[in-house]
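What follows is one structure encoded as structure tokens, with my remarks underneath.
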2 protein chains.
Amino acid sequence: MSKVDKEAIIRAAEEVVREKGARKLTLDAVAAQCGLSKGGLVHHFRTKQALLQAMLESAIGCETELAEEYAAGGGETGGPLASRIHSMFALMEDEKSLPRALIAAVAEDPALLEPIKSKEAKVRSELLTTCSDPEMALLLLSAARGLFLGRVLGVLDSDDPIFERLHTRLLKLAADLD
Amino acid sequence: MSKVDKEAIIRAAEEVVREKGARKLTLDAVAAQCGLSKGGLVHHFRTKQALLQAMLESAIGCETELAEEYAAGGGETGGPLASRIHSMFALMEDEKSLPRALIAAVAEDPALLEPIKSKEAKVRSELLTTCSDPEMALLLLSAARGLFLGRVLGVLDSDDPIFERLHTRLLKLAADLD
DNA sequence: GCTACCATACCGACCAGTTGGTTGGTTTTG
DNA sequence: CAAAACCAACCAACTGGTCGGTATGGTAGC
């Protein structure tokens with residue numbers, strides 16, 4: 001059994017971005033963060049791009065998992081829109097679960113966000129067909145993403161009490177749609 | 001009279017980010033983009049941080065100007081919420097006017113976004129006092145920002161016809177609030 | 001007019017530190 | 001043992017920033 005696996009490296013990389021900023025996400029820094037030499041790190045991810053891709057995939061996976069959990073958990077709590085809103089807010093709750101890989105990736109090479117872009121498109125098209133008022137659904141989704149990205153970029157604090165109120169209000173509005 | 005002024009340098013820097021990504025926003029690249037030697041560039045902005053700060057200030061200025069124009073233009077078209085929504089969409093219309101300095105700055109040092117953070121807080125607190133339904137106002141603002149940041153990060157295309165529909169819908173909803 | 005002086009804009013060579021990635025070898029594990 | 005995991009040393013390219021110097025234009029005194 002290996003001392004560190006890819007998941008651990010990804011978490012370490014995310015931690016580096018959180019502590020020192022996306023610009024300082026270097027192979028050396030990640031290696032140091034997870035107690036590995038640079039050589040050892042490169043053994044797992046041959047290039048920095050590969051690491052960034054893995055970070056993004058992990059982020060997408062986390063979000064999808066949370067959404068599916070929510071959708072499976074309470075049948076009457078809402079459709080796909082509510083699931084997405086829920087998963088975003090779940091990620092926002094903990095400072096450490098915010099996928100700052102987004103910043104590092106888009107700074108390195110915007111093309112890396114392609115998987116995210118296509119997944120977003122898929123979610124949007126789903127809402128267009130399942131919701132009674134697709135426009136409003138997209139607006140609510142955008143609102144959640146606005147708060148989410150605001151948190152990721154660090155221009156929003158989540159300790160503001162208004163945050164939770166917006167969360168419940170969003171879910172309530174979403175419940176009337178899907 | 002100088003051949004290049006600070007405004008031109010800022011535009012050149014924004015162009016570099018647009019073409020090559022935030023990570024490639026280097027003093028050399030900016031100097032080359034505006035036909036200046038690195039020495040000449042550093043003469044105008046002593047450090048890269050100073051350049052980034054100026055880029056952010058310029059972005060804030062642009063947005064504020066657009067919002068004030070709109071507010072002054074049509075008295076009945078809406079209050080501060082509508083003005084903000086309008087200014088964001090105005091910036092989104094043109095690929096070149098998207099302030100990608102945001103990405104470069106947050107990657108370099110998240111603390112650089114402090115001016116933006118405090119301005120956002122100011123806008124929010126204004127909405128809290130002037131709107132009949134502050135929660136909904138914040139949601140609409142967040143929706144606009146979600147679309148805006150989606151465009152800045154490049155995960156959203158503006159050529160989608162749904163975009164304009166969301167714009168008008170947002171303004172309509174905003175009109176009922178402030 | 002001419003000189004001496006100064007400030008601004010700009011250049012391009014240079015430097016120290018950083019970065020992504022390679023290589024050749026060692027340890028660990030199944 | 002063979003493969004996988006890992007390491008230390010190294011390298012070439014890049015990066016932010018410095019430095020000494022040039023070109024230009026204004027201006028004060030004579």
Side-chain angles (χ1 to χ4, degrees), chain A residues 1-58 100-101 103-113, chain B residues 1-56 58 100-101 103-112:
Chain A
M1 170 173 146
S2 57
K3 222 163 143 192
V4 305
D5 61 352
K6 302 207 180 208
E7 282 300 327
I9 293 176
I10 290 172
R11 276 195 303 273
E14 203 76 56
E15 186 69 9
V16 169
V17 180
R18 200 171 68 90
E19 288 178 357
K20 315 200 223 186
R23 187 67 190 291
K24 294 279 180 66
L25 180 71
T26 68
L27 297 182
D28 290 275
V30 174
Q33 178 70 34
C34 58
L36 216 59
S37 72
K38 180 151 64 171
L41 168 61
V42 173
H43 174 75
H44 288 283
F45 296 101
R46 288 233 285 270
T47 66
K48 191 184 179 184
Q49 275 221 3
L51 172 58
L52 284 168
Q53 279 169 6
M55 291 173 78
L56 288 181
E57 273 174 37
S58 166
R100 275 172 256 252
I103 301 171
V106 74
E108 187 77 27
D109 178 6
L112 284 169
L113 294 197
Chain B
M1 174 174 150
S2 57
K3 220 162 145 188
V4 305
D5 60 352
K6 304 210 179 205
E7 282 298 327
I9 293 176
I10 290 172
R11 277 195 303 272
E14 204 75 57
E15 187 69 9
V16 168
V17 180
R18 199 170 69 91
E19 288 178 358
K20 316 202 222 184
R23 185 68 189 290
K24 295 276 181 66
L25 180 71
T26 68
L27 297 183
D28 290 278
V30 175
Q33 179 68 35
C34 59
L36 217 58
S37 72
K38 178 148 69 170
L41 168 61
V42 173
H43 173 76
H44 288 282
F45 295 101
R46 287 233 285 268
T47 67
K48 190 183 178 183
Q49 276 221 2
L51 172 58
L52 284 168
Q53 279 169 6
M55 291 173 78
L56 288 181
S58 166
R100 275 172 257 252
I103 301 171
V106 75
E108 186 78 27
D109 177 7
L112 284 170

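Here is the naming used below: chain letters follow the sequence lines, and residue numbers restart at 1 for every chain. Side chains are part of it too, since the values below use all heavy atoms of this structure and drop only hydrogens, waters and symmetry mates.
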Nearest-Å distance for atom pair [atom1]/[atom2], residues [X] and [N]:
{"X": "B:L41", "N": "D:dT18", "atom1": "CG", "atom2": "P", "answer": "12 Å"}
{"X": "A:L36", "N": "C:dT27", "atom1": "CG", "atom2": "P", "answer": "17 Å"}
{"X": "B:H43", "N": "D:dT24", "atom1": "NE2", "atom2": "P", "answer": "16 Å"}
{"X": "B:E108", "N": "D:dG17", "atom1": "CD", "atom2": "P", "answer": "8 Å"}
{"X": "A:F45", "N": "D:dA5", "atom1": "CZ", "atom2": "P", "answer": "12 Å"}

Original post:
What residues form a salt bridge (Lys or Arg N to Asp or Glu O under 4.0 Å) with B:R11, not counting sequence neighbours?
Top reply: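 Here no residue qualifies.
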Subject >> Partner residues of B:R18 under the salt bridge (Lys or Arg N to Asp or Glu O under 4.0 Å) criterion, sequence neighbours left out >> reply: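 B:R18 satisfies salt bridge (Lys or Arg N to Asp or Glu O under 4.0 Å) with B:E15 once adjacent residues are dropped.
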Could you work out, with side chain to side chain contact (heavy atoms under 4.5 Å, CB included) as the rule, every residue matching [X], not counting sequence neighbours?
{"X": "A:A22", "value": "A:V17, A:I103, A:A104, B:A107"}
{"X": "B:S37", "value": "none"}
{"X": "B:A31", "value": "B:L41"}

Original post:
Quantified as the angle between the terminal helix axes (five pairs each), what is the overall bend of the helix from C:dG1-D:dC30 to C:dG30-D:dC1 to 10 degrees?
Top reply: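 One end axis against the other gives 10°.
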Original post:
For residues 22-33 of chain B, which residue pairs qualify under side chain to side chain donor-acceptor pair (under 3.5 Å), counting only residues two or more places apart or in two chains?
Top reply: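 Matches after skipping sequence neighbours: A:E108-B:R23, B:D28-B:K38.
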Subject >> Nucleic acid contacts - residues 17-26 of chain A versus DNA chain C, non-hydrogen atoms under 4.0 Å >> reply: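 By residue number: A:L25, A:T26.
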Sort me out a list of protein N/O and nucleotides 21-24 of chain C N/O pairs below 3.5 Å, or just none if empty.
unit_1: C:dG21; atom_1: OP2; unit_2: A:K48; atom_2: N; d: 2.8
unit_1: C:dG21; atom_1: N7; unit_2: A:K38; atom_2: NZ; d: 3.4
unit_1: C:dG21; atom_1: O6; unit_2: A:K38; atom_2: NZ; d: 2.8

Original post:
Are A:H44 and D:dC6 close enough that a side-chain N or O sits under 4.0 Å from OP1 or OP2?
Top reply: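 Yes, such a contact exists.
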